[in-house]
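Working notes for the structure below.
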Amino acid sequence: MTTTNVALITGSTSGIGLECAKILAQKKYNLLLISNEPNKLDELQIEFSSIYGIKVFALYQDLSTLDAAQSVYQYVLQNKLEVEILINNAGFFFFGEVVQASPEKASKMILLHIHTTSLLCLYIGRHMKERGRGYIMNVSSISAFKDFPGIAFYASSKKFIKGFTRSLRTEMKYYGVKVTALCPGATATNLYDPNVIDVKKGMRYGIMMTAAEVADAGIRGLFSNRAVIIPGLLTKIMTFLSIITPYWIIYLARKRWKSLFDQT
Ligand SMILES: NC(=O)c1ccc[n+]([C@@H]2O[C@H](COP(=O)([O-])OP(=O)(O)OC[C@H]3O[C@@H](n4cnc5c(N)ncnc54)[C@H](OP(=O)(O)O)[C@@H]3O)[C@@H](O)[C@H]2O)c1
């Protein structure tokens with residue numbers, strides 16, 4: 001039997017992905033939750049289906065492998081899921097110079113942020129095109145707006161997501177499929193190594209948003225067909241400031257706080 005009205009969310013066991021899942025469950029979407037945390041996935045499957053009375057499918061999958069998108073697609077076909085909403089949210093972060101980075105970590109980031117994200121759009125987007133409807137939200141970042149040292153792999157892969165999403169949006173508009181890029185700024189989640197970034201301090205000083213606020217802005221923007229969503233006034237201001245900051249100032253900052261950029 002086909003399950004309709006499914007929202008597929010990658011990286012849905014914590015942070016922004018988890019909050020998106022809660023919002024869509026409240027709106028009575030059935031869920032396909034995907035993450036590489038099997039225990040949390042099982043817990044969420046039971047919790048969401050009992051609280052919201054929806055169908056919840058949970059797929060344990062490392063999305064940073066070459067065949068991850070294909071495996072997810074096979075799961076969708078085998079379980080006869082009609083995906084109405086695709087949210088490519090899974091991601092991770094590390095600081096460090098390009099030449100100091102672990103090649104394995106760098107490769108996993110490229111596979112997760114670029115390879116799997118774009119191929120899931122391809123596989124799932126095809127069916128949306130056939131049905132003439134659907135929503136895709138790809139999670140980028142405000143770091144996609146400027147090229148900073150110390151986050152070359154992260155920011156450049158997020159830049160790919162932003163550009164790819166804009167092209168896809170224009171292509172899919174013709175078929176009735178809505179495509180959005182969510183570009184959060186600093187958000188209090190598990191993304192950051194607590195030894196490098198103090199999330200509690202960030203929240204206390206009002207620099208960081210909560211995952212719930214970001215997810216709420218994202219889902220509202222997705223349903224109102226926004227091209228790019230930058231949640232929060234401070235994030236918008238920071239994005240603007242980063243765009244206009246000249247590279248000589250970035251170089252001076254790089255020299256002054258070199259140790260920060262050296263962490264991997
Ligand atoms: N927090 C911020 O300040 C911020 C700012 C801009 C953009 N973003 C983006 O927002 C998205 C969500 O991040 P978040 O802040 O909510 O952080 P988070 O709480 O760490 O969530 C990331 C999710 O992605 C999953 N994930 C990571 N690698 C994976 C892999 N190889 N296979 C499957 N799942 C994987 C994580 O599962 P595990 O925990 O099991 O690894 C986790 O569920 C990311 O794309 C991030 O780049 C975040």
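In listed order, ligands and their atoms are each counted from 1.
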* To do: May I ask you to check whether Phe164 and His113 place their ring centres under 6.0 Å from each other?
  => no
* **Neighbouring residues of ligand 1, heavy-atom cut-off under 4.0 Å** => Gly11, Thr13, Ser14, Gly15, Ile16, Ser35, Asn36, Glu37, Gln61, Asp62, Leu63, Ser64, Asn89, Ala90, Gly91, Leu112, Val139, Ser140, Ser141, Tyr154, Lys158, Pro184, Gly185, Ala186, Thr187, Thr189, Asn190, Leu191, Tyr192
* Any side-chain donor paired with an acceptor under 3.5 Å for Thr3 and Asn30? -> no
* **Heavy-atom neighbours of Lys28 NZ exceed 12 at 6.0 Å** => yes
* With no hydrogens and no angle check, do the side chains of Asn138 and Arg166 hold a donor and an acceptor under 3.5 Å apart? -> no
* **Cation over ring face, Lys162 and Phe145, 6.0 Å, 45°** => yes
* Lys201 NZ: over 12 foreign heavy atoms closer than 6.0 Å -> no
